[in-house]
Colleague: 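Right, I'll just put the structure down here and ask away after.
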Amino acid sequence: MTENKLKLNSEKTEALLVGTRQKIASLTVTDLQLDDATVPFSPAVKSLGVFLDSTLSMQTHISFIIKTCFFHLRRIASIRRYLTHDACVKLVVSLIFSRLDYCNSLLAGLPASSIHGLKRVQNDAARLTLRKTKRDHITPLLRSLHWLPVNTRISYKLFTLVYRCLNDSSILPGPVHPALRPSPSLCC
């Protein structure tokens with residue numbers, strides 16, 4: 001870094017050691033030495049608004065989303081009686097779904113137990129918007145609002161990204177072709 005006349009700010013720099021819990025526990029490394037700066041390993045780091053933890057379980061990120069969304073849901077609930085249905089939908093979509101949808105493709109493939117808290121947020125947002133109780137079944141509420149369930153939203157975003165990468169020339173510099181496997185006759 002000194003060759004490029006750059007200096008590392010060790011107070012703002014975070015390092016993340018990624019691996020399984022067992023592997024990380026077995027390591028004795030506690031920090032990273034870069035030039036003359038020492039950077040300790042963090043259990044989770046934030047990059048572009050997404051928390052990454054050392055096991056890539058995304059639990060820190062999901063917990064943060066849930067906490068933030070429930071904060072905003074409580075704020076909306078306090079003024080719900082003054083809002084029209086359309087105004088409430090717009091508030092929920094702008095404050096809650098913007099957070100649920102931001103980088104949610106990173107959550108693809110996580111177990112359902114990890115996504116459960118995000119489903120609770122969406123269900124509570126639907127009940128608040130439609131002024132329903134916890135006893136009301138959620139599927140008809142989501143359908144009436146035209147909201148996809150959280151796990152479907154994640155899959156839809158992932159498939160959309162893949163489709164755009166394969167078919168949109170503005171995303172990738174050149175065309176993408178499937179890898180051709182050599183036939184067995186060409187191999188020795």
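These figures come from a predicted structure and were not determined experimentally. What you see below is based on every heavy atom in this structure, not just the backbone, and it leaves out hydrogens, waters and symmetry mates.
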Colleague: Just verifying a value: how many Å separate Glu14 CD and Phe41 CZ, rounded to the nearest 0.5 Å?
Modeller: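 One gets 12.5 Å once the value is rounded to the nearest 0.5 Å.
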
Colleague: Should Leu161 and Phe159 be regarded as members of a common hydrophobic cluster, given that ILVMFWY residues are connected when their side-chain heavy atoms come within less than 4.5 Å of each other, either directly or indirectly?
Modeller: no

Colleague: Looking at Arg80 and Thr84, what are the two nearest heavy atoms and their distance?
Modeller: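 Here Arg80 and Thr84 meet closest at NH1-O, 3.6 Å.
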
Colleague: Applying a strict under-4.5 Å side-chain criterion to I, L, V, M, F, W and Y, I'd like to know whether Ile79 and Val92 cluster together.
Modeller: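 Yes: a chain of side-chain contacts under 4.5 Å links Ile79 to Val92.
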
Colleague: Locate the shortest heavy-atom distance separating Cys69 from Arg99; write the atom from each residue and the value.
Modeller: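 Nearest heavy atoms, Cys69 then Arg99: SG-CB, 3.9 Å.
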
Colleague: Would you sort out whether Ile154 and Ile115 count as a side-chain contact (heavy atoms from CB on, under 4.5 Å), showing the intermediate values?
Modeller: CA-CA 10 Å; Ile154 292 169; Ile115 306 294; 3.9 Å; yes

Colleague: Ignoring hydrogens and angles, tell me if any N or O in the side chain of Asp124 forms a donor-acceptor pair with the backbone of Val121 under 3.5 Å.
Modeller: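 Flag not set: sc Asp124 to bb Val121 has no pair under 3.5 Å.
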
Colleague: Once side chain to side chain donor-acceptor pair (under 3.5 Å) is applied, what residue pairs with a partner in residues 145-155 remain, sequence neighbours excluded?
Modeller: Asp101-Arg153

Colleague: Please identify each residue that fulfils side chain to side chain donor-acceptor pair (under 3.5 Å) with Gln22, with sequence neighbours left out.
Modeller: none

Colleague: With hydrophobic residues grouped by side-chain heavy-atom distances under 4.5 Å, do Val89 and Leu128 end up in a single group?
Modeller: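 Yes, Val89 connects to Leu128 through the hydrophobic network.
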
Colleague: Please say yes or no: joined through hydrophobic side-chain contacts below 4.5 Å, possibly via intermediate residues, are Leu95 and Tyr102 part of one cluster?
Modeller: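 Per the 4.5 Å side-chain linkage, Leu95 and Tyr102 are co-clustered.
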
Colleague: Filter on salt bridge (Lys or Arg N to Asp or Glu O under 4.0 Å), then keep only pairs touching residues 50-76, sequence neighbours left out; what's left?
Modeller: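 Qualifying pairs: none.
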
Colleague: Is the number of heavy atoms from other residues, nucleotides or ligands within 6.0 Å of CZ (Arg143) greater than 12?
Modeller: no

Colleague: What verdict does the side-chain contact (heavy atoms from CB on, under 4.5 Å) test give for Leu110 and Met58, after you've listed the backbone C-alpha separation in whole Å, the side-chain angles of each residue and the deciding distance to 0.1 Å?
Modeller: CA-CA 8 Å; Leu110 288 180; Met58 303 300 287; 3.8 Å; yes

Colleague: Please say yes or no: joined through hydrophobic side-chain contacts below 4.5 Å, possibly via intermediate residues, are Leu56 and Leu107 part of one cluster?
Modeller: yes

Colleague: Within the 4.5 Å heavy-atom criterion, are Phe51 and Gln59 side-chain neighbours or not?
Modeller: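 A side-chain contact is absent here, since even the closest heavy-atom pair is not under 4.5 Å.
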
Colleague: Go through Leu141 and Lys132 one step at a time and tell me if the side-chain contact (heavy atoms from CB on, under 4.5 Å) criterion holds.
Modeller: CA-CA 9 Å; Leu141 302 179; Lys132 299 293 182 179; 3.7 Å; yes

Colleague: Measure the spacing between CG of Asp136 and OG1 of Thr139 and express it to the nearest 0.5 Å.
Modeller: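 Result: 12.0 Å between the selected atoms.
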
Colleague: For the atom pair OG (Ser114) and NE2 (His61), what is the distance rounded to the nearest 0.5 Å?
Modeller: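 Reported to 0.5 Å precision, the distance equals 12.0 Å.
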
Colleague: If you look at every heavy atom in Ile24 and Ser54, which pair is closest and at what distance?
Modeller: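 Nearest pair, atom of Ile24 first, then Ser54: CD1-CB, 3.6 Å.
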
Colleague: Under the 3.5 angstrom rule, does the side chain of Ser42 hit a backbone N or O of Val45 as a donor-acceptor pair?
Modeller: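 No, Ser42 side chain to Val45 backbone: no donor-acceptor pair under 3.5 Å.
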
Colleague: So do the side chains of Ile62 and Ile66 get within less than 4.5 Å of each other, counting heavy atoms only?
Modeller: yes

Colleague: Is the side chain of Gln122 donor-acceptor paired with the backbone N or O of Leu148 at a distance under 3.5 Å, no angle test?
Modeller: yes

Colleague: When rounded to the nearest 0.5 angstrom, what is the spacing between CZ in Arg120 and CG in Leu73?
Modeller: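 Output value for this atom pair is 11.0 Å.
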
Colleague: If you round to the nearest 0.5 Å, how far is CG of Leu145 from CG of Leu130?
Modeller: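 Rounded to the nearest 0.5 Å, the CG-CG separation comes out at 4.0 Å.
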
Colleague: Can you name the closest pair of heavy atoms from Ser105 and Leu158 and give their distance?
Modeller: CB-CD1, 4.2 Å

Colleague: Would you give the length of the straight line joining atom OG1 of Thr38 to atom CD of Gln33, rounded to the nearest 0.5 angstrom?
Modeller: 3.5 Å

Colleague: Write down the atom of Asp31, the atom of Pro40, and the distance for their closest heavy-atom approach.
Modeller: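 Taking Asp31 first and Pro40 second, the nearest heavy atoms are CB-CA, 3.7 Å.
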
Colleague: Closest heavy-atom contact between Thr129 and His85?
Modeller: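 So the minimum-distance heavy-atom pair works out to O-ND1, 3.7 Å.
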
Colleague: Has the side chain of Ser63 got a donor or acceptor atom that lies under 3.5 Å from a matching backbone atom of Thr60?
Modeller: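 No, Ser63 side chain to Thr60 backbone: no donor-acceptor pair under 3.5 Å.
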
Colleague: Please report the C-alpha distance between Asn123 and Lys134 in whole Å, then the side-chain angles of each, then the deciding distance to 0.1 Å, and finally whether the side-chain contact (heavy atoms from CB on, under 4.5 Å) criterion is met.
Modeller: CA-CA 9 Å; Asn123 295 348; Lys134 283 197 175 265; over 6 Å; no

